[in-house]
There are 2 protein chains.
Amino acid sequence: MARLERRTVRDVRKGNRAMLLRTLYFTGSASRNDLIRLTGLSAATVSTMTGDLLEESIIMEAGQVDSDGGRPRVLLRVNPTYGYAVGVDVAETHVRVELFDLEMKERAKVDYALRPARHDPELVARHILAGIDVVLSDAGVTTGQVLGVGVGVPGIVRRGPDFVIHAKTFGWDGVPFGTLLSAGTPLPLYVDNGAKAMGQAELWFGSGRGAGNAVIVLIGSGVGATVVSDGATFQGVSSSAGEWGHTKIIVGGRPCRCGGRGCLEAYIGAEAILERAGVSTQTTGWQEELARVLDSGSPAVAETATYLGVGLANLVNLLNPERIVIGGWVGLMLGERLLPEILQAAAENSLAQPYAATSIVLGRLGPDAVALGAATLVLRNFLDATPASRVTAAG
Amino acid sequence: MARLERRTVRDVRKGNRAMLLRTLYFTGSASRNDLIRLTGLSAATVSTMTGDLLEESIIMEAGQVDSDGGRPRVLLRVNPTYGYAVGVDVAETHVRVELFDLEMKERAKVDYALRPARHDPELVARHILAGIDVVLSDAGVTTGQVLGVGVGVPGIVRRGPDFVIHAKTFGWDGVPFGTLLSAGTPLPLYVDNGAKAMGQAELWFGSGRGAGNAVIVLIGSGVGATVVSDGATFQGVSSSAGEWGHTKIIVGGRPCRCGGRGCLEAYIGAEAILERAGVSTQTTGWQEELARVLDSGSPAVAETATYLGVGLANLVNLLNPERIVIGGWVGLMLGERLLPEILQAAAENSLAQPYAATSIVLGRLGPDAVALGAATLVLRNFLDATPASRVTAAG
DNA sequence: AGAAGATAATGTAAGTTTCGAAAAAAGATG
DNA sequence: CATCTTTTTTCGAAACTTACATTATCTTCT
């Protein structure tokens, strides 16, 4: 008993407009005629709708295409400078603020280092607010042109106006981060878990493109997953769906930092791999260390491939996705070196029918796409819920 | 990039009508005024819409309610004999055909025993077709009054006009069961996995009522799960989502009949429990045998609770559901005796935040609800897609 | 008993929105 | 320059919901 929502005749317009805009965005450029075909709308509707969008300069003309004996098609595209999106990556060691145009091209960027112990919410918020000012002035963009600010943070984010955050690694427990930020900026805010934001980016601009039924798996120090069904990400009742890393794959197995035992994360998370290979995790430079371990041929490496394969197999069986994308810096390192072994383990541990329906691929965006993912939250909102409210002239 | 569908102004009507009908169905009875409140539609819309539905006798008046000083409200309800639904349970030992009215009250029922080796698709189809005739004539219902036939089968069913079935236990591999049946009856067909159908029933009429975000877990000889997000069941790209039983909980653990090792089913499936308790599975009467084992205090019993708890915890972490319903004959037996232990194991193996958001309860419909679930498939279609096509008077 | 008041349900006119068909626009071709 | 072809816009019709006004039906007060 869900989706019980009254529909009025204006929702039709809103929905069709969003669909048209989305189609045009992901097609790149298309003529009105193409849009008729792509959207299924009538010529009249496409004409009036594109007319509106042109007038609002949300879209623009992009040249003509020569025709064979008729009126040439005028190509249309989304105006990449109609608006901008700010994407923020809040990580353990830094706060990064980036400005993107609508094509998700980076226009400006600024980094603030965080010292290990300094994760006060207020400090982070100050960095973000300062960063917004910096990237805007660097790129010569005014606040009015910014469609919103997306922020990716570690931890669980509860949706709502306050965006309450629980982030163990930061020592944040119930921080109303949205409230904190909105005190300093009038821009619309979108806060989500960084891994989920990145999953969104991979889904829209990376290896997940075109899949309506996908799982994006992020492996770094922690391990998470974004489950997408019919184009919508699975949120769960308290917005914490996707905690894949604490799936138990060996009851009573290795202790995990979550306090449990046998979690997937305790086998394939960055620290876990190093520890199992007998390398100290006290040093800095895990990245190089991990690369060395993976290339060393330690028995722990082959095991890691198996564990990851098992974890993926569990997803294949339960969710039967069209595609699984492996991302995160550890995920990418593992995938580059061990993809055949991982696939074999996944195949051996899943049912033949769903396995055959799933393609397991590596992420394409690299491990630094959190800010892009965060900006994608803004983009999503823009594409779904673009105003469509024309001001009615009075008198 | 999904749900790209053109909407026209008629879809508004269709959607609102479906919503109103659904609301009325699950409310039981309501006045037009109540419906205004419940649906959010305007008085006029509710008035015309109920007028249509009354004329088509899909709904009916159900008395008045005295008011305190005004025109009394006329109560409306769905007409339970507007149409009927046939539900079929195809199991290893029998084919059961039941007839339900729209209130899902059983009106007639017939059973056909299947001999262990006799699972030819043709035979099963003949039983079903014969059964439909029997229940219809027993209840005095004509074919024209039947809205459809829902069939629950073991195995994986691929959606589509043919309803191709892969059922290992039956030796069916790619049987186009829908084609087989539709050759013998003009009624609309809905075929799905029996466990999923039952999950649907539990969701609508059992312990899952009202939850938009739920997982229904079925434990019998096999183990499966129905994942529901926002009221829609998770199908997966090839309709085989929900194979929870072959989730690996102990890498390299007990061998499972699927050929893998360490599957959940190899620990909490009926045979698995008996085997681990040292009881032969060759005998008949597993049900009594299992009850005896569970009451015996064998160490295998406590372990079973733990394994089930771990399995549930994995679901809690990954999907963050509002509710988990435990069903299936083994699930119910376990739940009745060991629910506290199961809950404790689930709590210990899941993250605190999502666990707190989930309530884990026992199914309410008993283990024989597959036919009801199958009929629910018909009901769902009726509520979503009721005709709404008025014949336009000509000239 | 009759009038007044209150609540429920139904018409009516207005405002959106999409659609099909016809008209207009814009270049290619001979 | 006239004709053809293809794209795009315009126009009237049909379908819906909504707000407002009207009718229906029961209770209560005088």
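Throughout, a chain's letter reflects where its sequence line sits, starting with A, and its residues are numbered from 1. The analysis underlying the following values was restricted to heavy atoms, covering all of them including side chains, and did not include hydrogens, waters or symmetry mates.
Taking the charged nitrogens against the carboxylate oxygens, A:Lys196 and A:Glu202 have no contact shorter than 4.0 Å, which rules out a salt bridge.
Using a 4.0 Å heavy-atom criterion, one finds that B:Val12 contacts the sugar-phosphate atoms exclusively.
Across the protein-nucleic acid pair, B:Lys14 atom NZ and D:dT17 atom P stand 13 Å apart, rounded to whole Å. Protein atom CD of A:Glu61 is 16 Å distant from nucleotide atom P of C:dA25, rounded to whole Å. Computed from coordinates, the A:Arg10 CZ to C:dA14 P distance equals 18 Å when rounded to whole Å. Going from atom CZ of A:Arg13 over to atom P of D:dC16 covers 19 Å, rounded to whole Å. Rounded to whole angstrom, the span from the CG atom of B:Asp52 across to the P atom of D:dA15 amounts to 13 Å. The separation between B:Leu35 atom CG and C:dA9 atom P is 9 Å, rounded to whole Å. In this structure, the CG atom of B:Leu41 is 15 Å from the P atom of C:dA9, given to the nearest Å. Between the CG atom of B:Asn16 and the C1' atom of C:dT17 there is a distance of 15 Å, given to the nearest Å.
With sequence neighbours excluded, the residues forming a salt bridge (Lys or Arg N to Asp or Glu O under 4.0 Å) with A:Glu103 are A:Arg77, A:Lys105, listed by chain and number. The salt bridge (Lys or Arg N to Asp or Glu O under 4.0 Å) test applied to A:Glu106 returns no partner, not counting sequence neighbours. Taking the side-chain contact (heavy atoms from CB on, under 4.5 Å) definition, one finds that B:Ser31 meets it with B:Asn33, B:Asp34, B:Arg73, B:Leu75, sequence neighbours left out. Every residue meeting the side-chain contact (heavy atoms from CB on, under 4.5 Å) condition with B:Ser229, not counting sequence neighbours, appears here in chain and number order: A:Phe234. Under the side-chain contact (heavy atoms from CB on, under 4.5 Å) criterion, A:Ala201 pairs with A:Leu365, A:Leu372, A:Thr376, sequence neighbours left out.
Between B:Thr8 and C:dT18 there is no side-chain polar atom (N or O) within less than 4.0 angstrom of OP1 or OP2.
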Once each nucleotide of nucleotides 7-13 of chain D is scored for protein heavy atoms under 4.0 Å, what B/S/- sequence comes out, 5' to 3'?
-> BSBB---

